[in-house]
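One structure is given here, and the rest of the page talks about it.
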There are 4 protein chains.
Amino acid sequence: MEARDGTDGRRGADGAKQRRRGNTRQRIQDVALELFAEQGYEKTSLREIAERLDVTKAALYYHFKTKEEIIVSLFEDLTKPIEDLIDWGRRQPHTLETKKEIIRRYSDALTAASPLFRFMQENQATVRDLRIGQMFKNRMLGMRDIIVDPDADLVDQVRCVSALFTLHAGMFVMRDMGVDPEDARGAVLEVAIDLVTQAQHGSG
Amino acid sequence: MEARDGTDGRRGADGAKQRRRGNTRQRIQDVALELFAEQGYEKTSLREIAERLDVTKAALYYHFKTKEEIIVSLFEDLTKPIEDLIDWGRRQPHTLETKKEIIRRYSDALTAASPLFRFMQENQATVRDLRIGQMFKNRMLGMRDIIVDPDADLVDQVRCVSALFTLHAGMFVMRDMGVDPEDARGAVLEVAIDLVTQAQHGSG
Amino acid sequence: MEARDGTDGRRGADGAKQRRRGNTRQRIQDVALELFAEQGYEKTSLREIAERLDVTKAALYYHFKTKEEIIVSLFEDLTKPIEDLIDWGRRQPHTLETKKEIIRRYSDALTAASPLFRFMQENQATVRDLRIGQMFKNRMLGMRDIIVDPDADLVDQVRCVSALFTLHAGMFVMRDMGVDPEDARGAVLEVAIDLVTQAQHGSG
Amino acid sequence: MEARDGTDGRRGADGAKQRRRGNTRQRIQDVALELFAEQGYEKTSLREIAERLDVTKAALYYHFKTKEEIIVSLFEDLTKPIEDLIDWGRRQPHTLETKKEIIRRYSDALTAASPLFRFMQENQATVRDLRIGQMFKNRMLGMRDIIVDPDADLVDQVRCVSALFTLHAGMFVMRDMGVDPEDARGAVLEVAIDLVTQAQHGSG
DNA sequence: GATGAATGAGGCTTCATTCAT
DNA sequence: AATGAATGAAGCCTCATTCAT
């Protein structure tokens, strides 16, 4: 019922294109994401990735043109669901019910790709200079346009923005405080929904 | 009547210690902070700092033993008010009124040292490996112990945590959205106080 | 009635040897020569050649054992007429008339293979270390032995040598100065013939 | 009476600027020029230069920002006399006598910096992509404007151009043919002067 | 007749750091 | 209080080449 191909489900997005006999490309992505999330982008060298995979650095370059392309490919593969979600949200009426649904699904999407989002959050300065910086910003603006009502009170706007990065950062922080991930998730989601709900009432 | 030394007032914290005849140490800190905040820690090289100051890299080493020491010194100088605030908070009863006061003063402190906090936020992966990582974490735990009631409902705990990083991130985000900094600050503060207030009521 | 194979006629020299069904070998040579002439030998990578042809690098290795072999094959194919010319010249009496005829035909041969000669001229340092370096040198010595009279006055010897590289370099330079190629060719040829003529009279 | 500082005279041009206690910068230039002339630019690695000098590669980067800057510095230092010569030539009437004088002095200048010019000649493809490519081209155009009369017969124009690269290439070629350098120089110079003289009479 | 995948060597460059002066 | 000169380690990347399929 889950992860039907034994690869944590993330191959679903791009179809069969890259299912070469060897699966090195995929393995590079997996190891890279793990190391990027753990140590940061700049402190993870291609040498290190290659060593973990027991291939040479040059092999990485067979699969990716640059170091940046590795992270870009991860971002593209893993944030497809979010892109879809935003597209969906744009076409809905921006009611409270829609917003709550968006928040719920967004929370799911973040959880599914949590190493990537941990990475994005902890490497903002780096990410800003990479191609994914702009991509990420655009997605965030997309979310904002759905969640935040530009005519609302400034305080209510902050509530909505706060809901978003409560989702982004909340889970990691609570986890670091020793709370069970599943519990943390539920509590964070509740607070986020609460925030947008209050925002709606305030402006309504 | 203000900023008696022409350096935006930030020398106030550490007293006369470093007020040597030359002010190079200070200038190094200023330039370093600017560049760290703008580009990140790893992407800012000592060469770059030295060039901006029109001194040699070796001069930096006269004033600081390592690159890390520069950021440590900035952290220590600029977060003294927060340390004091936590010390104060610890000695107060953990009432809602105290918490609100803490939030208010914390907001002031963040604003006063906003480039540093922008830096901390955007370079978390890097900061984690530096000495300031632990320092910062300890401060955050100190704040948490004052603001968050461990016996409270998990959701209310999240509310408090969320209040804290709403303060941390909120101002930067709102500013990036084109809101006037002073307005942003007020709105962010209001949301944060709201969150701890709700938390208190929930658990009360 | 001309260029019976649609490839500007240069296949004429080596006969049927390489007329396999596919024409990849030929296409590799054409693209390689173009790029070598344009960018130089070292700055042209096999990747680049392969990409232009929309084949893989490995395909190049099916047709040529090494990168060097590509340039060697070009040299051999394209300088066959010059080799023949030298063989012919050797068997003639070294009269002024013969020399003039050699110069004329040499000019034709250079024109026919001008990208190769442009390449040879602009990559002398590289060529020296390749197999074609020695081949080329031998050809030049062959020409010299026909054109230059070793008993002649040193100045006259220089005249003859100068005639040769006036031919080699002259056309490219004049073309770069915006002169019509056909005109340039004529003028260059006249100066070269003049030089050997003067040399003959001087030593006679 | 010559080379008053034991460094073959080439320090004369840039004055005392770089006469540091250590003379590493100068030694880098010397070794680099030797290797560039011998093996070509691309085939000479910074590792090789550093090893010959028994310093690390990083030391090279203390003195020169890039590999290209090494060759640029050599070009600038060593072709100063030619630049001066062109400036002088521009201010003279373009009579035959002036042209002959230019040719003579140019020959001297080439001889003085012959390794550099050997390098330029044998690495044209490379040089074209470096900053010195344009510099060199500009100098050549400067010479051309003095030596070549644009109203003259095309053949006479070729004579003048031919005179120039007879000077450039002649010496190296004759030397390779086993002729005494001093004799070669004289003969080459005579042919070059002859060519411009003929050109003048033709158009006069 | 060609590809996909990989390698080993080596390229240029940058960095934090040191130390004698 | 600072400089000039240098180092060692490491970074990203590219190349010609190989080989099983």
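Remember, it's a predicted structure, so these values are computed and weren't measured experimentally. So that the names make sense, note that chain A is the first sequence line, chain B the second, and so on, each numbered from 1.
The listed nucleotides are dT14(E), dC15(E), dA2(F); the one nearest the side chain of His63(B) is dA2(F). Counting only heavy atoms from C-beta on, Thr24(C) has its side chain closest to dA2(E) among dA2(E), dT13(E), dA10(F). Closest to the side chain of Arg47(A), from the set dA2(F), dA10(F), dA16(E), is dA10(F). Picking from dC12(F), dA5(F), dC13(F) the nucleotide with the shortest atom distance to the side chain of Thr66(A) gives dC13(F).
A close approach under 4.0 Å does not occur between any side-chain nitrogen or oxygen of Tyr61(A) and OP1 or OP2 of dT14(F). Dashed line: the shortest gap from a side-chain N or O of Ser45(B) to OP1 or OP2 of dC15(E) is under 4.0 Å. Side-chain N/O atoms of Tyr62(D) include one lying less than 4.0 angstrom from OP1 or OP2 on dA5(F).
Contact annotation: the side chain of Phe36(D) approaches that of Ile49(D) to within less than 4.5 Å [non-hydrogen atoms, C-beta and beyond]. Side-chain contact between Lys43(B) and Glu48(B) is absent, with no heavy atoms from C-beta onward closer than 4.5 Å. Between Ile132(A) and Met120(A), the closest side-chain pair of non-hydrogen atoms falls below 4.5 Å. Counting only heavy atoms from C-beta outward, the side chains of Glu38(A) and Thr44(A) never approach each other to under 4.5 Å.
Regarding Glu48(A), its CD atom lies at a distance of 18 Å from the P atom of dA9(F), rounded to whole Å. When the P atom of dA5(F) is taken as reference, atom NZ of Lys65(D) falls 16 Å away, rounded to whole Å. Spacing between atom CZ of Phe64(A) and atom P of dT14(F) amounts to 15 Å, rounded to whole angstrom units. Glu69(A) places its CD atom 15 Å from the P atom of dC12(F), with the value rounded to the nearest Å. Atom CG of Asp54(D) is separated from atom P of dT7(F) by 8 Å (rounded to the nearest Å). Between the CG atom of Leu60(D) and the P atom of dA5(F) there is a distance of 14 Å, rounded to whole Å. Taking atom CD of Gln26(C) as the reference point, atom P of dG1(E) lies 15 Å away to the nearest angstrom. In this structure, CD of Glu42(C) is placed 14 Å from C1' of dG10(E), rounded to the nearest angstrom.
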Q.
If you apply the rule side-chain contact (heavy atoms from CB on, under 4.5 Å), what do you find for Phe136(B) with Thr79(B), and how did you get there?
A. CA-CA 9 Å; Phe136(B) 184 65; Thr79(B) 65; over 6 Å; no
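Between Thr44(B) and Ala59(A), the residue whose closest nucleotide on DNA chain E is further toward the 5' end is Ala59(A). Across the interface with DNA chain E, nearest-nucleotide mapping of Lys67(B) and Thr56(A) shows Thr56(A) to be the residue nearer the 5′ end. Residue-to-nucleotide proximity on DNA chain F shows that, of Lys57(B) and Glu68(A), the 5′-proximal contact is made by Lys57(B). Between Leu46(A) and Ala58(D), it is Ala58(D) whose nearest contact on DNA chain F lies nearer the 5' terminus.
Counting only Watson-Crick and G-U wobble pairs whose two distances sit under 3.5 Å, DNA chain F takes part in these stems of three or more pairs: E:2-21 with F:2-21.
Tyr41(D) contributes no side-chain N or O that, together with a main-chain N or O of Phe119(D), makes up a donor-acceptor pair within less than 3.5 Å.
If you take CZ on Arg25(D) and OH on Tyr62(D), they are separated by 11.0 Å, rounding to the nearest 0.5 Å.
The one candidate from Leu78(B), Asp77(B), Ile70(B) that meets the side-chain contact (heavy atoms from CB on, under 4.5 Å) condition with Leu33(B) is Leu78(B).
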